[in-house]
Amino acid sequence: MSTQAPARPLTMALSKGRIFEETLPLLAAAGVQVSEDPEKSRKLIIETSNPNLRLIIVRASDVPTYVEYGAADLGIAGKDVLIEHAASHPGGLYQPIDLNIARCRLAVAVRNGFDYPAAVRQGARLRVATKYVTAAREHFAAKGVYVDLIKLYGSMELAPLVGLADAIVDVVSTGNTLRANDLVAVEDIMPISSRLIVNRAALKTRQAELQPLLDAFESASR
Ligand code: AMP
């Protein structure tokens, strides 16, 4: 006799902040209300009005990992995060929809007054600090610029101010953070938005449950 595991609700991985806030209207379009605000509650598993859908709150850079290993069936992550994840886990995730939320851009920034065009022209070896080493490596390789990449996990804006790097590669939205730290964006690398990602096995085994959500997200994000 076969014993069936109890059905687990569909699990969606999200990060706090802008992605969570901008996902709420998409969930509402799918008829789903969320029971708690992760900014106020310390809960990491959040129930929704749909008994077959729960949310888990994880760090933005961990969303692809939860989805790839199947601990979450789906999730929402920025293109910046997905590029870095794909470098070490190629092809692991299905990315059906650009949700067009949490839009910003990946850019190169330097200290105000640093002559970036001259540094690049002279073939100098730039020191670049970033969390986004894959995207940065590809960008400078395509330009034929030699760079020493320094991996950081946050507060990239500090690096040029204290002599750790000549430039940073970071996501820029309003530009306020750069301005507040006397930095200027000198080059745009790519526009960034958040994408829906789906676990490849869940796509097959839980297709009937996933499809209405994917359809609602697709039409709400157009
Ligand atoms: P801003 O001051 O509006 O240009 O925002 C810049 C800072 O906010 C960056 O250093 C990022 O850490 C963060 N940020 C802004 N928008 C996003 C986004 N869509 N995804 C990830 N981080 C973001």
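Note: hydrogens, waters and symmetry copies are ignored here, and every other heavy atom, side chains too, is used. Here the structure is a predicted model, which means the values were calculated and not measured. Atoms within a ligand are numbered from 1 in the order they appear, just like the ligands themselves.
Put simply, the side chain of Asp73 gets close to the backbone of Thr11: a donor and an acceptor are under 3.5 Å apart.
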Side-chain polar contacts of residues 105-112 - donor-acceptor pairs under 3.5 angstrom, sequence neighbours left out - could you list them?
unit_1	atom_1	unit_2	atom_2	d
Arg105	NE	Asp188	OD1	2.7
Arg105	NE	Asp188	OD2	3.2
Asn112	ND2	Asp182	OD1	3.3

Quiz: residues 12-25 side-chain donor-acceptor pairs under 3.5 angstrom, not counting sequence neighbours:
unit_1	atom_1	unit_2	atom_2	d
Arg18	NE	Glu22	OE2	3.0
Arg18	NH1	Arg103	O	3.3
Arg18	NH1	Ser173	OG	3.3
Arg18	NH2	Arg103	O	2.7
Glu22	OE1	Ala102	N	2.7
Thr23	OG1	Ile19	O	2.6

Check step by step if salt bridge (charged side-chain N to carboxylate O under 4.0 Å, His left out) holds for Glu36 and Lys43. CA-CA 8 Å; Glu36 315 208 27; Lys43 279 188 137 181; 3.5 Å; yes
Test log, rule salt bridge (charged side-chain N to carboxylate O under 4.0 Å, His left out), inputs Arg195 and Asp98: CA-CA 4 Å; Arg195 320 288 161 114; Asp98 179 355; 3.6 Å; yes
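Chaining together hydrophobic side chains whose heavy atoms lie under 4.5 Å apart places Val58 alongside Ile45, Ile56, Val63, Tyr66, Val67, Leu82, Leu93, Ile197.
For a heavy-atom separation below 4.0 Å, the residues in contact with ligand 1 are Arg18, Ala102, Cys104, Glu157, Asp170, Val171, Val172, Ser173, Thr174, Gly175, Asn176, Thr177.
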